[in-house]
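Okay, so here's the structure we're looking at.
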Amino acid sequence: MYARIITSVNNLRLRTKLFLSFGCVTLIPVLIVGVFLTSELRNMAMGNALEQITANVDRVKKRTGEMLSVPLDIAYRLSNDSRLEEAANHRYVSVYDVVQAYWNYPDFREFVRLYSEISSIRLYIDNPTVLDNWEFLQADGKITQEPWYQTAMVQKGLVCWNYIRDNRDGRYYLSLIRKVDFFKQRTSGVLVVNVNTDKLSAILNQESFETLIVDENDNIVASNRTDTRGKTLDDIDFKAVSADGQGPYDVKIEGKPFKMLIDHWQPGGSLNNLRIISIFSVESIVKEPNRIILLAAMVIISALIMAILLIYYFSRLLTGRMLHLSKHISKVGSGNLEATLVIDGKDEIGQLARQFNHMVRSIGDLMSEVEESNRQKNAILLKQNEIKFKMMASQINPHFLFNALESIRMKAHVRGQADISRVVRLLGKMMRKNLGAGGGRISLQSELETVNCYLVIQKFRYDDRLAYELHVDPKANLVQIPPLIIQPLVENCVIHGLENRIDGGMVRVDIRIEDGLLKVQVSDNGTGIPAGKLQEIRQRLESKEDYETNNIGMRNIHVRLQLTYGPECGLTLASQPGYGTQISLAIPLRSDSYV
């Protein structure tokens, strides 16, 4: 892959390489740095905005908590007020008595007058003798079916915060709702303290980001946007905000991205909680960073355009001189050694032009020398050819050798020397096969005939000292293999493994087809090979130097197998001194393995 890339780069024109180098050295780093700084600047702006919105939420939570502590304190004081218990549970006999009792208990009106944090106070009781006024109200069937009323009745004095509609003025308030137990009378009522919505919204109006206070039913209790007060989160497309979420969230409002932070809060350890939601537009936060980024991008692009123009000018200047040099090289290549190159300048190209002129003169001188050298070389070759012809004429004719062996065999046969006649016949057959072996392939059966001839001849020499076995899978006989790859291995086993043993030994040839491979194993039970010698032989097999003087040896076989079937195919040696030697090879069966 690396070499392919280098070749592709070398094939590019010089001007293209200059532009590529500019892109790699300048343009790409500038883009990387620009993208990194842009991302960091945007992230910094977003981080600062999130820190600010978090501080805003904490500030709203603190100020709202101070405001809501007033109705909490009022509710606590009223739940322990014995005069309220008497006024709420007394059985009145006339309207005058009711009105007189209301005037004698002005606490509700005093609390509203003294504390601007609350708008009104309501007490819902089950007393038929009480008249509905602005403070004391009958808990009729409609009221008792309200969810907030039922929730308050089942709790033991715990405070609930709900956004409910007041029965008197018809407006919605964030209300503190609490059950009040009158222990002396064994009765109870529900106290409702309505929070001043305008003052609650005034706290939010001081915040720079859009801020909402939402109850557990997703009602917007207060907001610094007047058009969202009294609505629900669903109405302003905040459906993705769950009641248990904390944020910050990424949301879209009217198709634009916004960041939202949510904080859950239970004022005074109430039964339910309120949520403070603060929102800011991502577009407004990144507007200034985007302006800076745009300005920086314009400056960078202007600088890059100027750099590209300068590179284009200098590349034309450089490539023009190179093209002039290339034209003169073409002239010299066409045989015009009289061409002289003139290029101004003392830089590398000018130096190259001077060296080119010197090279042309040197080539002219060398041409003259080569012509004279060729004349002398041709004369020497003529003499050498004459010597080769004479040597070839003196070589022994192979047909004469085969005819002589056949004459010896016939004489032995006529005189009754059958064993000698058989060995001479096998020797002649073996020599014909060896001399006829070329660079093609032969069948395994033909190779085994040569192996068998060799073993019979050696059996004749060693008599009972040599025993051999051939175990061949019949399906392997027609497999085509390179010639002379098994017989030399058998010869090595006989000569190096058994020749020095007085009691002789066994040579075994096992050939089988297994797992798509032709596996050949030649083994003997001879003297074996010492570990050091075995390691030396293995190194010679893998070495690129030719250690062997004969044409057909183990390394020759090893190299031919690798060249024919791949580097993983070769000879494998295993030996143990005193136990013998084993030589193995495996040839993959391919589409051309059979004829």
Side-chain angles (χ1 to χ4, degrees), residues 49-50 52-75 115-122 147-148 151-152 158-166 169 171-178 192-249 251 253 258-281:
L50 286 175
Q52 184 177 351
I53 198 173
T54 302
N56 290 354
V57 169
D58 292 339
R59 182 167 56 251
V60 169
K61 184 176 179 180
K62 180 180 179 181
R63 297 182 62 187
T64 306
E66 293 174 353
M67 178 178 174
L68 296 185
S69 63
V70 173
L72 284 169
D73 180 64
I74 292 173
Y115 299 105
S116 61
E117 289 83 358
I118 61 175
S119 295
S120 58
I121 302 175
R122 309 282 187 248
W148 56 266
T151 301
L158 291 178
V159 173
C160 295
W161 296 94
N162 289 97
Y163 189 64
I164 63 174
R165 182 176 181 274
D166 187 74
D169 58 13
R171 296 175 59 187
Y172 282 88
Y173 296 92
L174 174 64
S175 303
L176 180 150
I177 303 170
R178 177 176 177 174
V192 176
V193 181
N194 294 324
V195 178
N196 190 333
T197 302
D198 293 335
K199 187 166 185 178
L200 193 60
S201 296
I203 295 176
L204 304 184
N205 289 334
Q206 299 177 15
E207 303 301 324
S208 57
F209 296 118
E210 181 179 351
T211 307
L212 314 173
I213 298 179
V214 182
D215 71 355
E216 63 178 354
N217 296 317
D218 291 344
N219 295 307
I220 299 176
V221 175
S223 171
N224 53 4
R225 272 182 51 186
T226 56
D227 59 333
T228 60
R229 295 175 191 173
K231 296 182 179 180
T232 64
L233 294 179
D234 289 348
D235 297 334
I236 58 174
D237 199 21
F238 280 7
K239 297 179 181 179
V241 180
S242 64
D244 299 326
Q246 289 291 333
Y249 288 101
V251 297
I253 302 175
F258 282 78
K259 283 283 186 181
M260 176 187 298
L261 184 67
I262 304 175
D263 193 358
H264 290 256
W265 173 41
Q266 291 178 296
S270 61
L271 176 66
N272 55 358
N273 58 26
L274 300 175
R275 281 174 290 167
I276 299 175
I277 301 177
S278 191
I279 310 163
F280 67 85
S281 170

Does the pair Asp263 and Asp58 meet the rule for a side chain to side chain contact (heavy atoms under 4.5 Å, CB included), with working shown? CA-CA 9 Å; Asp263 193 358; Asp58 292 339; 4.3 Å; yes
Between Tyr172 and Asn219, does the side chain to side chain contact (heavy atoms under 4.5 Å, CB included) criterion hold? Intermediate values first, please. CA-CA 10 Å; Tyr172 282 88; Asn219 295 307; over 6 Å; no
Yes or no on side chain to side chain donor-acceptor pair (under 3.5 Å) for Thr232 and Asp218, after CA distance, side-chain angles and deciding distance? CA-CA 5 Å; Thr232 64; Asp218 291 344; over 6 Å; no
Checking Val221 against Leu200 for the side chain to side chain contact (heavy atoms under 4.5 Å, CB included) test, could you report, in this order, the C-alpha distance in whole Å, the side-chain angles of both residues, the deciding distance, and whether it holds? CA-CA 9 Å; Val221 175; Leu200 193 60; 3.9 Å; yes
Go through it in stages, so that I can follow the logic: the residues are Glu207 and Asn224, the test is side chain to side chain donor-acceptor pair (under 3.5 Å), and I'd like the CA-CA distance, side-chain angles, deciding distance and then a yes or no. CA-CA 8 Å; Glu207 303 301 324; Asn224 53 4; over 6 Å; no
Assess the residue pair Gln206 and Arg63 against the criterion (side chain to side chain donor-acceptor pair (under 3.5 Å)); give the C-alpha distance rounded to whole Å, side-chain angles, the decisive distance to 0.1 Å, and a yes or no. CA-CA 11 Å; Gln206 299 177 15; Arg63 297 182 62 187; 2.2 Å; yes
Set out, in order, the CA-CA distance, both residues' side-chain angles and the distance that settles side chain to side chain contact (heavy atoms under 4.5 Å, CB included) for Val195 and Leu176, then state yes or no. CA-CA 8 Å; Val195 178; Leu176 180 150; 5.7 Å; no
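Closest heavy-atom contact between Pro71 and Trp161: CG-CH2, 3.9 Å. Residues Asn272 and Gln266 come closest through the heavy atom pair O-CG, 3.7 Å. Here the closest non-hydrogen pair linking Ser116 and Lys199 is OG-NZ, 2.9 Å.
With contacts defined as side-chain heavy-atom distances shorter than 4.5 Å, the pair Val193/Tyr115 does not qualify. The shortest distance between side-chain heavy atoms of Ile177 and Ile164 falls below 4.5 Å. With contacts defined as side-chain heavy-atom distances shorter than 4.5 Å, the pair Leu261/Phe209 does not qualify. Residues Leu274 and Pro267 meet the side-chain proximity criterion, which asks for heavy atoms closer than 4.5 Å. By the 4.5 Å heavy-atom criterion applied to side chains, Met67 and Asn196 are counted as neighbours.
Glu117 CD to Ile203 CD1: the interatomic distance, rounded to the nearest 0.5 Å, is 8.5 Å. If you take CG on Asp215 and CZ on Arg275, they are separated by 8.0 Å, rounding to the nearest 0.5 Å. Distance check: Asp166 CG to Ser119 OG gives 9.0 Å after rounding to the nearest 0.5 Å. We find the CG-CG distance between Asn162 and Asn217 to be 6.5 Å, quoted to the nearest 0.5 Å. With rounding to the nearest 0.5 Å, the separation of CG in Leu174 from CD1 in Ile213 is 7.5 Å.
For Ser69 (side chain) and Glu66 (main-chain N/O), a donor-acceptor pair under 3.5 Å exists by modelled atom type.
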